[in-house]
There are 2 protein chains.
Amino acid sequence: MNIGEAAARSGVSAKMIRHYEAIGLIGAVRSANGYRVYGERDVAVLRFIRHARDLGFPLEDVRRLLALWQDRNRASAEVKRLALAHVAALESKADSLRRMAASLRHLAAHCHGDDRPDCPILDDLARKD
Amino acid sequence: MNIGEAAARSGVSAKMIRHYEAIGLIGAVRSANGYRVYGERDVAVLRFIRHARDLGFPLEDVRRLLALWQDRNRASAEVKRLALAHVAALESKADSLRRMAASLRHLAAHCHGDDRPDCPILDDLARKD
DNA sequence: CTGGCCCTTCCCAATATGGGAAGGTCAAGG
DNA sequence: CCTTGACCTTCCCATATTGGGAAGGGCCAG
């Protein structure tokens, strides 16, 4: 199958498939006319990548997970370690976002939101520290 | 004062100050030798930008907030609207990260994490949907 | 054989920040 | 007076991810 069908079946855009090939994440076989040719196995790999990306894994992590997935003799410990490190990073980022939202919500609560120019949000942004 | 001191006093790197000037977020006066020259007012503006960035405002929002801050006749309604829209975006992003972390944590909990190759994390990433 | 769709490569865009090279300027001290 | 080191300048490149679009070639049905 050509790149368009592989894209449709994997949920990864053709643009991204070419990109993943360019950065060495996946390989590609070419037919006589230069078109990329894919099989079921490639579609499965692309789906794997998409799911990992959906979980927020950066491509470098995806590269490692993919190597582990394709290694019949891998140890699950390595996968678990990678996953838990990523969970911690995700949760820390989520906390930081919630803290930002909370402080901004607090500032907004004290801004009357009418035609007057006073606004504690701007006052806070202008603080000296 | 030169860019180095303005950077140290505002907490914005010299690199970023030049960038903010390049994209028209701030202006700059040059002395005879071509060096950028800043005053107290500029340091306050840079600090304003840094605080807004710390709260996660993208630069385009910062541009609008800055205009509102510098406008003596602004209405606080606009600031509040911008802030609350941003709060909603932050919270939605935080939720999405927490959902990712939860599902990954769930998968990791069922991965024994030893020398055996079986691992539900990889199995899930390889699923067909 | 022609129209329309698919494929190719290559360039550019956005987000924000930083590294580093090559060269100009200025102040202090030998 | 000249050297040295710290500071400044501009310009290019890099990160990570995805997409838009142009220019050109391939392939099949009507």
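Everything quoted here is computed from the prediction, not taken from an experiment. Just so it is clear: chains get the letters A, B, ... in the order the sequence lines come, proteins before strands, and each one is counted from 1.
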Novice: Between atom CG in A/Leu59 and atom P in D/dA14, what is the gap in whole Å?
Specialist: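 Going from A/Leu59 (CG) to D/dA14 (P), I get 18 Å.
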Novice: Among residues 15-37 of chain A, which ones have heavy-atom contacts with DNA chain D below 4.0 Å?
Specialist: A/Lys15, A/Met16, A/His19, A/Tyr20, A/Asn33, A/Tyr35
Novice: Please give the distance between the P atoms of D/dC13 and C/dC11 as a whole number of Å.
Specialist: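 Looking at atom P only, D/dC13 and C/dC11 are 12 Å apart.
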Novice: Would you say D/dG19 has OP1 or OP2 under 4.0 Å from some side-chain N or O of A/Ser13?
Specialist: yes
Novice: To the nearest angstrom, how far is A/Ile3 atom CD1 from D/dG26 atom P?
Specialist: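 For the pair A/Ile3 CD1 and D/dG26 P, the rounded distance is 18 Å.
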Novice: Taking the six-membered ring of B/Trp69, is the NZ or CZ of B/Arg63 close enough (under 6.0 Å from the centre) and on axis enough (within 45°)?
Specialist: no
Novice: Are A/Phe57 and B/Leu104 side-chain neighbours, meaning at least one heavy-atom pair lies under 4.5 Å?
Specialist: yes
Novice: Wobble G-U and Watson-Crick pairs count when both distances are under 3.5 Å; given that, what is the 5' to 3' dot-bracket string of DNA chain D, with | for pairing to other strands?
Specialist: |||||||||||||||..|||||||||||||
Novice: Is there a donor-acceptor pair under 3.5 Å between the side chain of A/His51 and the backbone N or O of B/Asp124?
Specialist: no
Novice: Is any side-chain heavy atom of A/Arg30 less than 4.5 Å from a side-chain heavy atom of A/Val37?
Specialist: no
Novice: Take atom CG of B/Leu46 and atom C1' of C/dT17, then tell me their distance rounded to the nearest Å.
Specialist: 15 Å
Novice: Measure from CD on B/Glu5 to C1' on C/dA27 and round the result to the nearest Å.
Specialist: 16 Å
Novice: Take B/Glu91 and B/Arg98 through the salt bridge (charged side-chain N to carboxylate O under 4.0 Å, His left out) test and state the conclusion after the steps.
Specialist: CA-CA 10 Å; B/Glu91 285 177 346; B/Arg98 268 186 292 120; over 6 Å; no
Novice: Verify salt bridge (charged side-chain N to carboxylate O under 4.0 Å, His left out) between B/Arg36 and B/Glu21, making sure each step is shown before the conclusion.
Specialist: CA-CA 10 Å; B/Arg36 289 167 178 83; B/Glu21 179 188 336; 2.5 Å; yes
Novice: Are B/Asp42 and B/Ile26 packed together at the side-chain level, in the sense that at least one heavy-atom pair is separated by less than 4.5 angstrom?
Specialist: no
Novice: Would you say that A/Ile17 contacts A/Tyr38 through its side chain, given a criterion of any heavy-atom pair below 4.5 Å between the two side chains?
Specialist: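 Yes, close enough: below the 4.5 Å cut-off.
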